[in-house]
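Everything on this sheet refers to the single structure shown next.
Each chain gets a letter, A, B and so on, in the order its sequence line appears, and its residues count up from 1.
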Amino acid sequence: MNKSVITIAMPKGRIFGDACRLLRNAGFQLPETFETTRKLILDLDSEPFRFILAKPVDVPTYVEYGAADLGIAGKDVLLESGRDVYEMVDLGISKCHMAVAGLPQHQSRNPFLKIATKYPNIASDFYRRRGEQVDLIALNGSIELAPIVGLADAIVDIVSTGQTLKENGLVEFDRLLDISSRLIVNPVSYRLKKTLIDQIVEKMIKATEGTKVGMD
Amino acid sequence: MSQPYMFEKPLGLRDTLPQAQQEISRLEMIFQRELQRWGYDFIKTPALEYAETIGRASAIADHRLFKFLDAEGHPVVLRPDMTTPIARIAASSLRQAPLPLRLAYTADLYRSQRKEGGHPSEFEQTGAELIGDATPYADVEVISLMMSLLEKSGLESVRLAVGHVGFVNAFFYDIVKDKNVVERLRNLLYNKNDVGFHEYVATLGLPSDVARQLNTFVDSRRMNNDETLEFLKTVVSGSATPVHSYYRNIIELVHLLKMDHLEGQIDLDITLVPHLSYYTGFVFQGFGGNLGFPVASGGRYDDLLAKFNRPCPATGFGIRLDRLMSAIKTPIDRNAQHKRAVIYNRENAGKAMRFAASEREKGHAVVLQHADGIDNPETFEQQFEAVNYFLERTETSE
């Protein structure tokens, strides 16, 4: 049986490499195969930590229900899911921003703007605040397609380098918010394993200070 | 909406099957006995209340209320909490009763859910309210009582987090002198968004020592109890009266909890801000077992009774039985009631009935079943820890 006392949910994909680097900087002895393995669960030899590798949008769910004590999740995913977890540290990694984008000089022929997005809650909140009526179309990927094939007038999506937008002939209209990865903690785990979790949080804050310098 | 299937229930509602109901009854009995031992009287209130009174005072967000019209066209709600109806009773039917009042309840509450399954819209809660006592001794009483109920329920590693929203509000107001900013800061605490809190503080243009104090405030969650008290001492030194008196209450509470030998289980967390907006003083949440959610919560609500025209301090808590059940690691005992069966035929009916009656008198659970009514004897008998047969044929019937 597993002797791990702390379970940490890691996001597979875009953020994973940055997150691993940060964990190593924070002093975690991650195995060398960590980034290449296909295993979904990994126990450390040196410390009582277990890592689970989840789809990024699912990380807050694992943490909210307590299946993981801590997790690393993008601010975009946190805002969209609205899960009840402590957002304790801005890790300053995997920075990007959320933007409205579309074809230049596009004239909408729809009575209400059609907006395609992977983030219906964030997009709906943004347009509600502005008092604009829009029709939201929820998609799961390759959002850039939507304006090109005429499914939507614009998209709300995350932009890191802008390369994908550029290659598909789209331009950015509005910037909604800046995004980076956060360390999140389950509220009950926090009470029951306070000492251990506080140690991890302190280590992560220290490691993060290194990344933050010169970025502000 | 598509036609519901015959077996379906409305969204978020569920049936409680015998095994789960047995566990609920066990908890109810433990809680009732213990609450009565502490001198609390049980009461009951209607499931339906007026939307303008209870609905509005309850502080449960509007979209989470089950709201409809009664026969006269008045908007009514299914009660979303019990504290508000009890406040109504304390301010009306029990207006003449001597204070402090000690009242308890077990009731089903209704809160509509938007999220996926696992968050029921109807759940049972046991709680207690101590009305009419403004001292921290009343807060300690309800905290000790809640801890005692959780311990007695069989929950493992019971822990409690205690904060004080009155202190939070007064402390923030002293610093920023703007109600809207206080509201925003408190909301960030409620959303557990430490990162957002730090970011927002940076936008306020405060002198750097004041900003540092706010930042240390939110980081004080990571301190142990002594460090937290030490930190509070430094922040109250220069501040005005309400902050000071709240601080003295916090010191007193920690002192009393020490005397009650509860201090080791308690995490003083001044950043704790629960969702119910009627709380004015101490607030607390109970945790334990393996569950990711708090099983119990409570706090002081000194302004709620004034909404029913009887200004009066009060404090109390509620324990969610559904969450407690999933947090307690009880092995499922299929014979939890240890039932026996008495299987009989026509000739032995009288004998079997007398036997069953005498067994029941001794306190055993006995099922009396005619043999002809059993479809499959083998599976039927498996349910019981013992079976007595009264099936002999009498000799006269040849």
ring-ring contact (aromatic ring centres under 6.0 Å, His included) evaluation trace for A/Tyr65 with B/Phe293
CA-CA 7 Å; A/Tyr65 280 80; B/Phe293 302 93; 5.4 Å; yes
Quick one, B/Tyr279 with B/Phe284, criterion ring-ring contact (aromatic ring centres under 6.0 Å, His included). Give me CA distance, side-chain angles, the key distance, then yes/no.
CA-CA 10 Å; B/Tyr279 288 133; B/Phe284 47 89; 8.0 Å; no
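No part of B/Leu160 comes within reach of chain A, as not one of its non-hydrogen atoms sits under 4.5 angstrom from that chain. No part of B/Asp219 comes within reach of chain A, as not one of its non-hydrogen atoms sits under 4.5 angstrom from that chain. Contacts of A/Arg182 with chain B are made by side-chain atoms alone, with heavy-atom separations under 4.5 Å and no backbone atom involved. Heavy atoms closer than 4.5 Å to chain A are found in the side chain of B/Leu272, but not in its backbone. In this structure, the portion of A/Val201 lying under 4.5 Å from any heavy atom of chain B is its side chain and not its backbone.
Between chain B and the options A/Lys75, A/Glu87, A/Glu202, the largest number of non-hydrogen pairs under 4.5 Å is found for A/Glu87.
B/Thr216 contributes a side-chain N or O that, together with a main-chain N or O of B/Arg212, makes up a donor-acceptor pair within less than 3.5 Å. Listed for the A/Asp125 side chain is no donor-acceptor partner under 3.5 Å among the backbone atoms of A/Asn121. The backbone N or O of B/Gly264 sits less than 3.5 Å from a side-chain atom of B/Arg159, completing a donor-acceptor pair.
With respect to A/Lys55 and A/Asp58, no salt bridge is recorded, no charged nitrogen being found less than 4.0 Å from a carboxylate O. Between A/Lys194 and B/Asp269 no salt bridge is recorded (no basic side-chain N to carboxylate O distance below 4.0 Å).
Residues of residues 193-209 of chain B lying within less than 4.5 angstrom of chain A, judged on heavy atoms, are B/Asn193, B/Asp194, B/Val195, B/Glu199 in numerical order.
Taking 4.5 Å as the limit, every side-chain heavy atom of B/Tyr110 sits out of range of all side-chain heavy atoms of B/Ser121.
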